Amino acid sequence: MVRAWLGAIFGILAASAAQSADVRDVRLWRAPDHTRIVLDLSAPAEHKLFVLENPTRIVLDVEDAQMATAFPSLKIDNTPIKSIRSGVREGDDLRIVFDMGAAVSPRSFALKANEQAGDRLVVDLYDQGAPSGGAAESVAALPEVKKRAGDGGKRDIIIAIDAGHGGEDPGAIGPSRKREKDVVLAISKELQSLFAAEPGFTPTLIRSGDYYVSLAGRRELARKRQADLFVSIHADAFTSPKAYGASVYALSLSGATSTTARYLAQRENASDLVGGVNLGDHDDVLAGVLADLSMTSTLDTSLQVGSYVLRNMGGLARLHKRNVEQAGFAVLKSPDIPSILVETGFISNPDESRKLATSNYQKQMARAIYSGIHSWFTAHPPSGTLVAWNKAQGGTEYIIARGDTLSDIAQRFNVSLNSLMNVNGIDGSRIIVGQKLTIPAS
């Protein structure tokens, strides 16, 4: 009897001990509109988040938890946090106190363990006036882009540039530990610089630093900024290190066009699990999206823009496939904005990883993507834009890509071959990749 009683007591104590959680690490990420703190846990844990005043403190109590090591030193510069301290509460609980220097709107949620990350606890401190929560959680409040008026009141073409992953989500990791999120942010910033220097275009970065923006939030930002095109930049991995080549993807209304396309879409769509999004929030944007897309020219435009980009990338890198592929990428599901996803290469491939890590190759890749997008909009500018006005006046420029011929370019822009050659002073058929041509008025 006593033995059974003692066994029950020890069983209860063992179960209680098994439920306690160690905080293995604490990280901090700063986005334009909020500060995110992430706790890595050895097991799920209940928590409470509340605010104390005079002075303002935000308190996080984690039940049956303790720091596995000393609380790390976090970089709190450019955040509303003045200091962070931690201690034991009521013997078994962990208390973390954030001493605040500015007003914020706090929010917290737990993330269950998945294939790529363990149990985590997330605290988001939204700056005063910034939205918190909803389907577009982690939407960065970069300055809203206005459709800038060019000559004669003609508006600019807005290009939304989305660097994949970020913050908690490193993306794919190459053989030398190079992280996808860093590579694609560098390429995106180069692409932004190219469009910023081009009259008639205004680029906007969806992610400007090392923080995570939800997949729905990326689409919402592009829509809020009235983008004419959404381009998401990636450098993914595959199960085999031998996989190689750059690719361009558009949304699929049915199945994926290849096994690789399906695999990559599944990886990218899992980003919210790693990056940290409260899955209790619903993504209302997706309701009816496929039906909307089938009734518009959005998808058709995406495929055509993608083909221009792919053609230009082929002059720099080996291509994985020579056609634009399609799969169910969640980040591309905007019903009213042409959207493409560019895989700049496989970071899991040792040779491509080495190239993607260099600043020179990043600039070349950005130039290839820029040339493809620029060429598409030069040939098919939206009405009311400065680029459309220039085309009507005969002032349009086109950058020659690999595989182009003068007759193809003339046909594409609906002009005669003779007029194209005369305007550009060409007396033969030889042209050079990267050469700029002036397209005469049609």
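Just so it is clear, the model here is predicted, and its values are computed rather than measured.
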First locate atom [atom1] of [X], then atom [atom2] of [Y], and finally report the distance between them rounded to the nearest 0.5 Å.
X      : Y      : atom1 : atom2 : value
Ile81  : Lys75  : CD1   : NZ    : 14.0 Å
Ser247 : Arg322 : OG    : CZ    : 11.5 Å
Ile439 : Lys391 : CD1   : NZ    : 9.0 Å
Phe71  : Asp25  : CZ    : CG    : 9.5 Å

Side chain to side chain contact (heavy atoms under 4.5 Å, CB included) between Arg155 and Leu386: does it pass, once the steps are laid out?
CA-CA 6 Å; Arg155 72 170 180 87; Leu386 180 61; over 6 Å; no
Heavy-atom pair with the smallest gap, counting every atom of [X] and [Y]:
X      : Y      : result
Pro80  : Thr35  : CD-OG1, 3.3 Å
Thr344 : Ala235 : OG1-CB, 3.4 Å
Gln116 : Asn114 : N-OD1, 2.8 Å
Asn312 : Ala401 : OD1-CB, 3.1 Å
Ser348 : Pro175 : O-CG, 4.0 Å

Arg30 and Asp127: salt bridge (charged side-chain N to carboxylate O under 4.0 Å, His left out), yes or no, with the steps?
CA-CA 11 Å; Arg30 178 60 189 168; Asp127 299 343; 2.6 Å; yes
Given the rule in the side chain to side chain contact (heavy atoms under 4.5 Å, CB included) test, do Phe98 and Ile37 qualify, once you have shown the distances and angles that lead to the verdict?
CA-CA 11 Å; Phe98 303 93; Ile37 302 97; 4.1 Å; yes
Tested for side chain to side chain contact (heavy atoms under 4.5 Å, CB included) against Tyr249, the lone hit among Gln326, Lys321, Glu325 is Glu325
Do you know which of Ile340, Ile206, Val248, Val309 makes side chain to side chain contact (heavy atoms under 4.5 Å, CB included) with Val231?
Ile340
Is any NZ, NE, NH1 or NH2 atom of the basic residue among [X] and [Y] found under 4.0 Å from an Asp or Glu carboxylate oxygen of the other?
X      : Y      : result
Arg218 : Asp162 : yes
Asp236 : Arg267 : yes
Asp351 : Lys242 : no
Asp119 : Lys112 : no

Would you find a donor on one side and an acceptor on the other, under 3.5 Å apart, between the side chain of [X] and the backbone of [Y]?
X      : Y      : value
Gln435 : Ile432 : yes
Thr298 : Pro335 : yes
Asp156 : Ile158 : no
Asn414 : Ala410 : no
Glu180 : Ala172 : yes
Ser339 : Ile337 : yes
Ser353 : Pro350 : no
Arg24  : Thr69  : no
Arg207 : Ala163 : yes
Asn269 : Ala330 : yes

Candidate pair Leu251 and Lys333, rule side chain to side chain contact (heavy atoms under 4.5 Å, CB included), full reasoning
CA-CA 7 Å; Leu251 182 66; Lys333 292 182 178 180; 3.6 Å; yes
Taking the side chain as C-beta and beyond, is there a heavy-atom pair between [X] and [Y] under 4.5 Å?
X      : Y      : answer
Val331 : Phe230 : yes
Asp272 : Tyr212 : yes
His165 : Ser271 : yes
Leu125 : Ser105 : no
Ile347 : Val183 : yes
His380 : Thr301 : no
Leu111 : Leu273 : no
Thr385 : Lys154 : no

Is it true that [Y] and [X] share a donor-acceptor pair across their side chains at a distance under 3.5 Å?
X      : Y      : value
Ser208 : Tyr211 : yes
His320 : Glu343 : no
Thr260 : Ser258 : no
Ser419 : Asn422 : no
Ser83  : Asp99  : yes

Throw together a table of side-chain donor-acceptor distances under 3.5 angstrom for residues 39-48, partners on residues two or more places apart or in other chains.
from, atom 1, to, atom 2, distance (Å)
Asp40, OD1, Arg27, NH2, 2.9
Asp40, OD2, Arg27, NH1, 2.6
Asp40, OD2, Arg27, NH2, 3.4
Ser42, OG, Asp22, N, 2.8
His47, NE2, Ser108, OG, 2.9

Above 12 or not: heavy atoms from other molecules or residues under 6.0 Å from CG of Asp77?
yes
Give the ring-plane orientation class for Phe238 versus Phe346, where under 30° counts as parallel, over 60° as perpendicular and anything between as tilted.
perpendicular
Do Ile58 and Val97 pass the side chain to side chain contact (heavy atoms under 4.5 Å, CB included) test, and can you show the C-alpha distance, the side-chain angles, and the key distance before you say yes or no?
CA-CA 6 Å; Ile58 294 174; Val97 180; over 6 Å; no
Let me see the working for Arg36 and Asp124 under salt bridge (charged side-chain N to carboxylate O under 4.0 Å, His left out), right down to the final yes or no.
CA-CA 5 Å; Arg36 168 165 287 189; Asp124 283 333; 2.7 Å; yes
Show me the side-chain donor-acceptor pairs of residues 372-379 shorter than 3.5 Å, one per line, residues at least two apart or across chains.
from, atom 1, to, atom 2, distance (Å)
His374, ND1, Thr378, OG1, 3.4
His374, NE2, Glu198, OE2, 3.1
Ser375, OG, Ser371, O, 2.7
Thr378, OG1, His374, O, 2.6
Thr378, OG1, Glu397, O, 3.3

Tyr398 and its side chain to side chain donor-acceptor pair (under 3.5 Å) partner, picked from Asp404, Thr438, Asn424:
Asp404
Cut-off 3.5 Å, no hydrogens considered: what does the side-chain donor-acceptor table look like for residues 355-369, sequence neighbours left out?
from, atom 1, to, atom 2, distance (Å)
Thr358, OG1, Lys355, O, 2.7
Thr358, OG1, Tyr361, N, 3.3
Gln362, NE2, Leu356, O, 2.8

